[in-house]
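Let me begin by presenting the structure, written as structure tokens, before commenting on it.
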Amino acid sequence: MASYKYIETSEPRPGVGQITLSRPKALNALCTPLIDELNTALRTFDASPTISAILLTGSERAFAAGADIKEMAPLTFSEAYTTSFIESWSLLTTQIKKPIIAAVSGHALGGGCELALMCDILYCTEKANFGQPEIKLGTIPGAGGSQRLTRAIGKARAMELVLTGKTFSGKEAFDWGVAARTFASWDELIEGSLATAETIAGYSKVAVMAAKEVVNKSQDLGIRDGVEFERRVFHSIFGSQDQKIGMEAFAEKKKAEWTHS
Ligand code: CO8
């Protein structure tokens, strides 16, 4: 397992790769070297033949308290523009093909909230603390928060949150459709997240990656193009071995032994 300064990686269950943000003194503030390490770990798990699902978490106290304010404070427009500041954050949404579950406890603020929203499934504790408080710092969300949060909870609530910097709880995240499930404690959150990751990892990798791709397309395409795209991918799955294995196993009342091809 590679050694990192700001994150930890492990393979806690068969087929499951876990990335734990670990910069406790700064509540996992997302400095550039941390994002670089996160991207390396994501790429490594995405390329690994033994990994099918990825769990991304922080600590009980903080998933991530945002982009690193101290790093950003002196940045000028020219530096941000010419170095494409935060562009590397989009790797998670543009290149990683395996599903990522965010397990959020404690603070998920600013860039931390945005990072959680980029993941494919979001689980959290009831007391998790989400928000886009950038307005209090004289700035605005910069890693997709204004777009993904608005799509998830609607303009009325998103506008209020982004303009006031007010936070919302894990329970509200669930009630508003941001989180798929909530858990009463940190231990239950991790156990529940690992169980879901393991379930996903138990299916055909080809089908899992295709399923992630088509659901995510629904966020970019209109319904007509989206359904067309889904049909094309659905047709292409008939070219996989696992489609034959899965359907034949059903007919023979056997357990499917996936080849992941
Ligand atoms: N950046 C840098 N350091 C941080 C951050 C942060 N985002 N959050 C906390 N820390 C540090 C604190 O400075 C403190 O360090 P030190 O001990 O050296 O003083 C340490 O973490 C512990 O923090 P607190 O003492 O403040 O802990 P509390 O429990 O009292 O408060 C809070 C916890 C409420 C989370 C509080 O720390 C806080 O409000 N943090 C800032 C939250 C915030 O505003 N986040 C948004 C940042 S802006 C952003 O994310 C823009 C995203 C744009 C796109 C991405 C660009 C890269």
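Order of listing sets the numbers, starting from 1, for every ligand and every atom in it.
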Exercise. Give a yes or no answer on whether the side chain of S84 reaches the backbone of E87 with a donor-acceptor pair at less than 3.5 Å.
Key: no
*Main-chain N/O of G142 paired with E134 side-chain donor or acceptor, under 3.5 Å*: no
TODO: Assign the ring pair F234 / F238 to parallel, tilted or perpendicular, where the plane angle (0 to 90°) is split at 30° and 60°.
DONE: perpendicular
Do F45 and E11 make a side-chain contact, defined as non-hydrogen atoms from C-beta onward lying under 4.5 Å apart? yes
Residue set satisfying salt bridge (charged side-chain N to carboxylate O under 4.0 Å, His left out) with D68, at least two apart, ordered chain then number -> R23
Expected contact list for ligand 1 at under 4.0 angstrom, heavy-atom basis, is K25, A26, L27, A29, R61, A65, G66, A67, D68, I69, K70, M72, F85, I86, W89, H107, L109, G110, G111, E114, P133, E134, L137, G142, A143
**Prompt:** salt bridge (Lys or Arg N to Asp or Glu O under 4.0 Å) between R231 and E228: does it pass, once the steps are laid out?
**Reply:** CA-CA 5 Å; R231 193 181 309 118; E228 178 82 359; 3.0 Å; yes
